[in-house]
Participant: 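Quick one: the structure is below, and I'll ask about it shortly.
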Amino acid sequence: MAARYGALCRAHLRLEYLRANATTHDFLFGAIAELIDNARDAGATRLDIFTVDNDQLQGGFMLCFLDDGCGMNPREATHLIYFGKSSKRQSASKLIGCYGNGLKSGSMRLGKDFILLTKQEDTMTCVLFSQTFCEREGLDEVIVPIPSWSVSTRKPVLHDAAMFAVQMSIIFKYSPFTSEDELMQQFDAIYGKSGTLIIIYNLKLMLNGEPELDIKTHSADMLIAGLPDNLPEKWSLRAYTAVLYFDPRMKIFIQAKKVETRYLPYCFYRPRASFSERIFIAYCGNSYKMYPYFTFCFKAIAQNEIEKAKKDLKLAEQAVKEAKCQLKHLEESFLHEDNEPAHLALQDALENAKRTREKLEAKQR
Ligand SMILES: Nc1ncnc2c1ncn2[C@@H]1O[C@H](COP(=O)(O)OP(=O)(O)OP(=O)(O)O)[C@@H](O)[C@H]1O
Ligand SMILES: [Mg+2]
């Protein structure tokens with residue numbers, strides 16, 4: 001059977017390995033974090049995690065990750081399917097990924113299949129990584145269709161028309177999208193100049209036949225189904241992502257609602273609970289302390305960071321004052337000069353002050 005797909009990419013691994021590798025994630029949110037880390041590594045400023053109902057698929061919905069990061073060109077998209085191959089390892093910057101494994105192990109822990117759509121410069125590329133396809137076609141080698149198109153012409157980037165046709169027929173049969181138009185609509189969802197949309201489907205089920213992620217109890221959250229633990233980070237994706245990074249840089253939205261990130265050192269130095277969490281903790285019969293891990297080790301770090309953020313805010317507010325004076329001076333000088341650059345400078349200074357104030361507030365939260 002595999003000979004039929006002779007020209008298509010192979011992930012150079014057996015289906016069995018794919019299944020075994022997914023078991024490395026015992027904790028469901030750990031698997032989700034692999035996809036969040038990748039968006040952060042791609043320099044995304046925003047990541048949306050959301051679900052789309054689809055009764056035809058196992059679990060009844062698809063789990064989607066949409067970022068505005070750097071995206072991938074067709075060559076990079078081809079590389080992502082290989083295990084143990086990561087271009088991040090050579091990078092001097094502080095990226096999280098390095099093993100070339102997380103996307104595959106994380107996504108395959110969550111579902112049986114994923115389709116990834118990515119846009120970079122003038123190319124749009126789609127990668128179908130599907131256990132269902134391999135199982136139904138009796139392939140024990142993982143074969144991965146990776147067609148590409150030009151963004152401007154929406155025409156396929158073709159090296160081999162016959163191979164493109166085979167790839168599309170697999171995608172229409174084994175992905176949730178049954179026509180090229182439908183697939184193009186998914187690319188349209190990537191709103192940035194570049195970015196990536198990953199759709200995981202045929203989600204893993206629990207023994208009772210229900211999906212592991214409960215998306216019904218809270219419309220703006222995804223919960224690990226079953227009995228809640230007293231720490232929300234263990235069962236609420238919103239609470240988990242709020243403390244995922246030491247220095248949160250990327251805005252995360254869950255079901256279209258922004259996650260209010262917490263400043264981690266501060267949480268541990270002065271554990272506090274928000275009003276709704278207090279209700280939950282009180283309900284669980286615990287004390288009002290949010291975190292059992294209380295430490296003074298973070299006190300100096302937290303206070304230094306807050307002092308630095310206060311200084312940054314002072315400088316930003318000073319810049320606003322100067323920009324206002326400059327504009328006022330121009331307006332009063334009767335020189336009839338072009339005031340547009342001064343208006344723009346004031347706008348920039350105001351936006352910078354707003355961002356800086358938000359940073360300070362996040363650190364104080
Ligand atoms: N959202 C994304 N945006 C851009 N590129 C991505 C994205 N997700 C994955 N990639 C690319 O796919 C590659 C493979 O991802 P994967 O998570 O498997 O490995 P990694 O991040 O390099 O290492 P690790 O196993 O430590 O996570 C990445 O190195 C990156 O080039
Ligand atoms: Mg990764």
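No experiment lies behind these values; they were computed from the predicted model shown.
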Participant: Going from CZ on Phe114 to NZ on Lys104, what distance comes out if it is rounded to the nearest 0.5 angstrom?
Facilitator: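 If I round to the nearest 0.5 Å, the distance is 7.5 Å.
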Participant: Taking the ring centre of each residue, are Phe187 and Trp149 less than 6.0 Å apart?
Facilitator: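 Phe187 vs Trp149: aromatic centres under 6.0 Å.
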Participant: In Å and rounded to the nearest 0.5 Å, what is the CD to CG distance from Glu141 to Leu139?
Facilitator: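 Rounded to the nearest 0.5 Å, the CD-CG separation comes to 8.0 Å.
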Participant: So which of Ile115, Asp113, Ile170 actually passes side chain to side chain contact (heavy atoms under 4.5 Å, CB included) with Ser175?
Facilitator: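 Checked Ile115, Asp113, Ile170 against Ser175; only one passes side chain to side chain contact (heavy atoms under 4.5 Å, CB included): Ile115.
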Participant: Calculate, to the nearest 0.5 Å, the distance between atoms CZ and SG belonging to Arg19 and Cys134 respectively.
Facilitator: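 Reported to 0.5 Å precision, the distance equals 9.0 Å.
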Participant: Just by distance, do the side chain of Asp41 and the backbone of Leu95 share a donor-acceptor pair under 3.5 Å?
Facilitator: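 Flag not set: sc Asp41 to bb Leu95 has no pair under 3.5 Å.
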Participant: Rounded to the nearest 0.5 Å, what separation is found between the CG atom of Leu237 and the CG atom of Leu213?
Facilitator: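 Those atoms lie 7.5 Å apart.
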Participant: Does atom CG of Asp26 have more than 12 heavy-atom neighbours, drawn from other residues, nucleotides or ligands, at distances under 6.0 Å?
Facilitator: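 Not more than 12 within 6.0 Å, no.
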Participant: Hey, are Ser194 and Glu121 close enough side-chain-wise for a donor-acceptor pair under 3.5 Å?
Facilitator: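 Per modelled atom types, Glu121 and Ser194 side chains form no pair under 3.5 Å.
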Participant: So, for Leu110 and Ala31, which heavy atoms are closest and what is the spacing to 0.1 Å?
Facilitator: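 That would be CG-CB, 4.2 Å.
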Participant: Assess, by modelled atom type and distance only, whether the side chains of Asp122 and Ser152 contain a donor and an acceptor separated by less than 3.5 Å.
Facilitator: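 Ser152 and Asp122 do have a side-chain donor-acceptor pair below 3.5 Å.
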Participant: Supply the atom-to-atom distance Met108 CE to Tyr17 OH, rounded to the nearest 0.5 angstrom.
Facilitator: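 Output value for this atom pair is 13.0 Å.
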Participant: If you draw a 6.0 Å radius around NZ in Lys314, do more than 12 non-hydrogen atoms from other residues or ligands fall strictly inside?
Facilitator: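 Incorrect, the count does not exceed 12.
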Participant: Start with the C-alpha gap between Asn352 and Asp348, add the side-chain angles, then the distance that decides, and say whether side-chain contact (heavy atoms from CB on, under 4.5 Å) holds.
Facilitator: CA-CA 6 Å; Asn352 184 38; Asp348 279 353; over 6 Å; no
Participant: To the nearest 0.5 angstrom, please state how far the CZ atom of Arg109 sits from the CD1 atom of Ile32.
Facilitator: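 Taking CZ in Arg109 and CD1 in Ile32, the distance rounds to 9.5 Å.
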Participant: Assess whether a salt bridge exists between Lys321 and Glu317, defined as any Lys/Arg side-chain N lying under 4.0 Å from an Asp/Glu carboxylate O.
Facilitator: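 The answer is no: the pair does not qualify as a salt bridge.
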Participant: Is a donor on one side and an acceptor on the other found under 3.5 Å between the side chain of Arg238 and the backbone of Glu260?
Facilitator: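 Judged by distance alone, no pair lies under 3.5 Å.
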Participant: So for atom NZ, which belongs to Lys204, do other residues, nucleotides or ligands contribute more than 12 heavy atoms lying within a distance under 6.0 Å?
Facilitator: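 Enclosed.
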Participant: Is the gap between the ring centers of Phe50 and Phe61 under 6.0 Å?
Facilitator: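 Ring centres of Phe61 and Phe50 not closer than 6.0 Å.
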Participant: Keeping the roles fixed (side chain from Gln186, backbone from Glu182), state whether a donor-acceptor pair exists under 3.5 Å.
Facilitator: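 Side chain of Gln186 to backbone of Glu182: a pair is present.
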Participant: Does Asp48 form a salt bridge (Lys or Arg N to Asp or Glu O under 4.0 Å) with Lys257? I'd like the steps, not just the answer.
Facilitator: CA-CA 9 Å; Asp48 276 272; Lys257 188 171 171 224; over 6 Å; no
Participant: Could you go through Val142 and Arg14, starting from their C-alpha distance and side-chain angles, then the distance that decides it, and tell me whether this counts as side-chain contact (heavy atoms from CB on, under 4.5 Å)?
Facilitator: CA-CA 6 Å; Val142 181; Arg14 306 262 141 207; over 6 Å; no
Participant: Which label fits Tyr174 and Phe133: parallel for a plane angle under 30°, tilted from 30 to 60°, or perpendicular past 60°?
Facilitator: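 Because their plane-to-plane angle lies in the 30° to 60° range, the rings of Tyr174 and Phe133 count as tilted.
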Participant: Does atom CG (Asn208) have a neighbourhood of more than 12 heavy atoms from anything else shown, all under 6.0 Å?
Facilitator: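 Enclosed.
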Participant: Has the side chain of Asp68 got a donor or acceptor atom that lies under 3.5 Å from a matching backbone atom of Arg46?
Facilitator: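 Present.
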